[in-house]
Amino acid sequence: MSISASFSTPGLLLTVALTAYLAFAAPWLGKRQYDRLARRRAHDPRALVHAYRLWIAEEWIWLAVTALILALSPGLDPADLGFAMPGHLDQVAPAVVGMTGAIVIGTLLLRRLARSGRAVPGQAAFAELMPRTPAERWHGLAMAVTAGVCEEIVYRGLLIAFGVGVLGLGTAAAAALALAVFVAGHLYQGWKGMVAVTLLGFWLTNVYLSTGSLLLPILMHVLIDVRGLVCMPAPAGKTVGQAV
């Protein structure tokens, strides 16, 4: 994949500001918000819905800023941010099909495990985000779609283009830096959760760079988050009003 991003001065300033926020402020704020959610959820049945609405609004603001950067930078081609039809599908199709199958089969197995009362591997890292009511589940679905669309465009599309076009990095180095910022945004999940995010993020990055398009990474990201937030039962023994 070849990226030749050229940012205008206003676009560059906005990109630097957004990148700084994502790299330094967002991880700290996310951790603080998650910890507050864990405390509030013990006595506020609307706490998760309110948290989801806040995070959904925040991520769409990121996307709006990205759209403004693109509009202000005539030298920045939409394809530089992944807005293109995927190519070289023969190289990634087996991996995408295999991952999709693994997600579906894994979901069925993990649902059975959860219903038996046993802990679901990895779920503890984001247990407070698990919906327990229909309203929370609908908001979880909206959060999954939002994260798939906004995070892929911003963390992978924009930040890789920034690394190449502004920092002068090679595509691989820019992708690694963008991945590091993406993983930092999941600080609230602890180191074990961040390891899992690193592996999934690396795979999504590889699909993007192989196809030159964010279409498949967005679809896969949405599918992964729907599996985690919507299709899985809440942790065993958890009901509304109980603390972690």
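Quick note: residue numbers are just sequence positions, from 1.
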What are the two closest heavy atoms between [X] and [Y], and how far apart are they?
{"X": "L48", "Y": "P131", "value": "CD2-CA, 4.0 Å"}
{"X": "P27", "Y": "L22", "value": "CD-O, 3.2 Å"}
{"X": "H186", "Y": "M194", "value": "O-CG, 3.4 Å"}
{"X": "A5", "Y": "A161", "value": "CB-O, 3.7 Å"}
{"X": "G140", "Y": "V230", "value": "C-CG2, 3.9 Å"}
{"X": "S213", "Y": "A84", "value": "OG-O, 2.5 Å"}

Residue pair [X] / [Y], side-chain heavy-atom distance below 4.5 Å:
{"X": "L167", "Y": "F162", "result": "yes"}
{"X": "L89", "Y": "V96", "result": "no"}
{"X": "T205", "Y": "Y208", "result": "no"}
{"X": "L158", "Y": "W62", "result": "no"}
{"X": "L129", "Y": "L37", "result": "yes"}
{"X": "C231", "Y": "V226", "result": "yes"}
{"X": "L159", "Y": "L177", "result": "no"}
{"X": "T66", "Y": "L81", "result": "yes"}

Lys/Arg N to Asp/Glu carboxylate O, K31 vs D35, below 4.0 Å: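 Looking at D35 together with K31, the answer is yes, because their closest N to O distance falls below 4.0 Å.
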For R156, is there an ion pair with E152 - N to carboxylate O distance below 4.0 angstrom?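 Looking at E152 and R156, the cut-off is met.
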Atom [atom1] of residue position [X] - does it have more than 12 heavy atoms of other residues, nucleotides or ligands inside 6.0 Å?
{"X": "Y21", "atom1": "OH", "answer": "yes"}
{"X": "F126", "atom1": "CZ", "answer": "yes"}
{"X": "W60", "atom1": "CH2", "answer": "yes"}
{"X": "R32", "atom1": "CZ", "answer": "no"}

When rounded to the nearest 0.5 angstrom, what is the spacing between [atom1] in [X] and [atom2] in [Y]?
{"X": "F202", "Y": "L199", "atom1": "CZ", "atom2": "CG", "answer": "9.0 Å"}
{"X": "I160", "Y": "T171", "atom1": "CD1", "atom2": "OG1", "answer": "8.0 Å"}
{"X": "H50", "Y": "H139", "atom1": "NE2", "atom2": "NE2", "answer": "8.5 Å"}
{"X": "L215", "Y": "M85", "atom1": "CG", "atom2": "CE", "answer": "6.0 Å"}
{"X": "D77", "Y": "L70", "atom1": "CG", "atom2": "CG", "answer": "8.5 Å"}
{"X": "E58", "Y": "Q33", "atom1": "CD", "atom2": "CD", "answer": "6.0 Å"}

Is there a donor-acceptor pair under 3.5 Å between the side chain of [X] and the backbone N or O of [Y]?
{"X": "Y52", "Y": "R137", "result": "no"}
{"X": "T211", "Y": "H88", "result": "no"}
{"X": "S8", "Y": "L72", "result": "yes"}

Name of the residue among L14, L12, L18 meeting side-chain contact (heavy atoms from CB on, under 4.5 Å) with V16: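 Filter result, single survivor: L12.
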Under a 4.5 Å side-chain heavy-atom rule over Ile, Leu, Val, Met, Phe, Trp and Tyr, are [X] and [Y] clustered together?
{"X": "L229", "Y": "V49", "result": "no"}
{"X": "L187", "Y": "W28", "result": "yes"}
{"X": "Y155", "Y": "F24", "result": "no"}
{"X": "F83", "Y": "L209", "result": "yes"}
{"X": "L13", "Y": "L76", "result": "no"}

Parallel, tilted or perpendicular: which fits the ring planes of Y188 and Y34, with parallel below 30° and perpendicular above 60°?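 Tilted: the ring planes of Y188 and Y34 meet at 30° to 60°.
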Could you please spell out the steps behind the side-chain contact (heavy atoms from CB on, under 4.5 Å) verdict for M220 and V207? CA-CA 10 Å; M220 296 307 299; V207 172; over 6 Å; no
Go through the steps for R46 and R53 under the test side-chain contact (heavy atoms from CB on, under 4.5 Å), then give the verdict. CA-CA 11 Å; R46 297 282 294 174; R53 289 177 177 176; 3.6 Å; yes
Using side-chain contact (heavy atoms from CB on, under 4.5 Å), reason through L179 and L204 one step at a time and then give a plain yes or no. CA-CA 10 Å; L179 178 59; L204 292 169; over 6 Å; no
